[in-house]
Q: 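Have a look at this one.
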Number of protein chains: 2
Amino acid sequence: MSQTISLLPVTDVTACCSPLTRETLTAANADDLARSLKALADPTRLRLISIVAASEGQEACACDLTEPVGLSQPTVSHHLKVLVDAGFLSRTQRGTWAYFALVPGALDSVARLLVSA
Amino acid sequence: MSQTISLLPVTDVTACCSPLTRETLTAANADDLARSLKALADPTRLRLISIVAASEGQEACACDLTEPVGLSQPTVSHHLKVLVDAGFLSRTQRGTWAYFALVPGALDSVARLLVSA
DNA sequence: GCTCTATATCGATGGATGTCAATATCCTCT
DNA sequence: AGAGGATATTGACATCCATCGATATAGAGC
């Protein structure tokens, strides 16, 4: 299951195929990997991940993420959603606040696809 | 030198900073890394890298790259230029033909920035 | 229930990007 | 020099995307 759905947790993408440099990527695999990389390929989203990663328990409240990146609240909310949809962050609601945490291994698994060894 | 120029070989980007999850990225570092990832975040470019990597000596002629990806010659030429400018591929002219090769360590160094360990 | 605060969604907008056809450039060979 | 083939560049176009202000939703506490 879960092969041609367009919404693609990173863990599924990375389970699919050998590293980029080992054998030729199929069009479908290239599409999936590109989608994961696209989610990362934005300076604001990289900073958000970086801030979350540096926080206690690799988890941060959305309320603490808007100010450091210097963008509007809707924009930050949008970026967080992109990262959650891509499988890099998880979202937990606690009371009024939303907490975002690193999904363990998500970054590593996409990194593993890029590496040659 | 070479800190605020906008054209950014990957090797410079990756020399700059510790992994994404170790400490908070500055806006400038996030920008550089995002630019490298953007160059990778396209299915056609991933396939081109993959094909080059699977070729003899990790090098391929442009003439052999147009057909497999199924796009027009100008489009493929454009994608190759993006990858060369980003530092993932190198270009060598031999006679009428242009050969593209993997830049050793380029993919690895960007992967290393994503990984936590 | 009402208010206040936190977060998400909507709609619009400007800028970036992938693609192609047409054309230019460059190299080789006769 | 001229012709032919390989690659790059140009210009146009459609689509995607980051961003914002305005608004909706949802939870907490009175």
Side-chain angles (χ1 to χ4, degrees), chain A residues 6-8 25 27 30-49 51-52 55 59-86 88-101, chain B residues 6-8 25 27 30-49 51-52 55 59-86 88-101:
Chain A
S6 61
L7 221 10
L8 58 146
L25 237 49
D31 230 66
D32 289 347
L33 179 53
R35 238 185 311 241
S36 292
L37 289 172
K38 247 184 245 285
L40 291 178
D42 178 274
T44 301
R45 290 198 283 270
L46 288 174
R47 297 189 72 197
L48 287 171
I49 288 179
I51 294 170
V52 168
S55 304
E59 188 189 55
C61 174
C63 56
D64 293 327
L65 294 173
T66 304
E67 184 270 335
V69 299
L71 294 175
S72 74
Q73 176 268 321
T75 300
V76 174
S77 180
H78 162 69
H79 284 307
L80 289 169
K81 179 175 169 50
V82 170
L83 289 172
V84 168
D85 288 348
F88 293 109
L89 294 184
S90 63
R91 200 196 104 113
T92 310
Q93 183 104 20
R94 280 209 285 277
T96 316
W97 294 276
Y99 288 81
F100 293 86
Chain B
S6 60
L7 221 10
L8 60 149
L25 236 50
D31 230 66
D32 289 346
L33 179 53
R35 238 183 312 240
S36 292
L37 289 172
K38 245 185 247 285
L40 292 178
D42 178 274
T44 302
R45 291 196 284 271
L46 288 174
R47 296 190 74 197
L48 287 172
I49 289 179
I51 294 170
V52 169
S55 305
E59 188 189 54
C61 174
C63 56
D64 293 327
L65 294 173
T66 303
E67 185 269 335
V69 299
L71 294 174
S72 74
Q73 177 268 322
T75 300
V76 174
S77 180
H78 161 69
H79 285 306
L80 289 170
K81 179 175 167 51
V82 170
L83 289 172
V84 169
D85 288 348
F88 292 108
L89 293 184
S90 63
R91 200 195 104 113
T92 310
Q93 182 103 21
R94 280 208 285 277
T96 316
W97 295 276
Y99 288 82
F100 294 87

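Convention: sequence-line order gives letters A, B, ...; per-chain numbering from 1. All figures in this text were calculated on a predicted structure; none of them were measured in a lab.
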Q: Ignoring backbone atoms, test whether S77(B) places a side-chain nitrogen or oxygen under 4.0 Å from the OP1 or OP2 oxygen of dA8(D).
A: yes
Q: Could you say whether R45(A) or R91(B) is positioned toward the 5' end of DNA chain D, judged by the nucleotide with the nearest heavy atom to each?
A: R91(B)
Q: Can you tell me which nucleotide in dC20(D), dT28(C), dA6(C) comes closest to the side chain of W97(A)?
A: dA6(C)
Q: Which atoms form the tightest heavy-atom contact between A39(A) and R45(A), and what is the distance?
A: O-NE, 2.6 Å
Q: Under 4.0 Å between a side-chain N/O of H78(A) and OP1 or OP2 of dA8(C), yes or no?
A: no
Q: Let me spell it out: for each of K38(A) and F100(A), pick the nucleotide of DNA chain C with the closest heavy atom. Which residue's pick is nearer the 5' end?
A: F100(A)
Q: In whole angstrom, give the distance that lies between atom CG of D31(B) and atom P of dA16(C).
A: 12 Å
Q: Could you walk me through whether I51(A) and D64(A) satisfy the side-chain contact (heavy atoms from CB on, under 4.5 Å) test, starting with their C-alpha distance in whole Å, then the side-chain angles of each, then the deciding distance to 0.1 Å, before giving a yes or no?
A: CA-CA 9 Å; I51(A) 294 170; D64(A) 293 327; over 6 Å; no
Q: Looking at residues 62-74 of chain A, who's got a heavy atom less than 4.0 Å off DNA chain D?
A: L71(A), S72(A), P74(A)
Q: Given atom CG of D42(B) and atom P of dG18(C), what is their separation to the nearest angstrom?
A: 5 Å
Q: Should H79(A) be listed as having a side-chain N or O under 4.0 Å from OP1 or OP2 of dT19(D)?
A: yes
Q: Whether T75(A) contacts dT19(D) is assessed here as follows: a side-chain N or O lying under 4.0 Å from the phosphate OP1 or OP2. Is that the case?
A: no
Q: Restricting to non-hydrogen atoms, name the atom on V84(A) and the atom on S90(A) that form the minimum distance, rounded to 0.1 Å.
A: CG2-C, 4.5 Å
Q: Just the rounded figure in Å: distance from P of dG5(D) to CD of Q93(B).
A: 18 Å
Q: Measure CG/L37(A) against C1'/dC17(D) and give the value in whole Å, please.
A: 17 Å
Q: Could you state the CG-P distance from L80(B) to dT9(D), rounded to the nearest angstrom?
A: 11 Å
Q: What are the two closest heavy atoms between A30(B) and R47(A), and how far apart are they?
A: CB-CG, 3.4 Å
Q: Could you walk me through whether L25(B) and I49(A) pass the side-chain contact (heavy atoms from CB on, under 4.5 Å) check?
A: CA-CA 9 Å; L25(B) 236 50; I49(A) 288 179; over 6 Å; no
Q: So which heavy atom on T75(A) is nearest to which on S72(A), and how close?
A: OG1-OG, 2.9 Å
Q: Find the distance between NE2 (H79(A)) and CG (L48(A)) and round it off to the nearest 0.5 Å.
A: 7.0 Å
Q: When the nearest nucleotide of DNA chain C is assigned to K81(A) and to T96(A) on a heavy-atom basis, which residue is associated with the more 5' position?
A: T96(A)
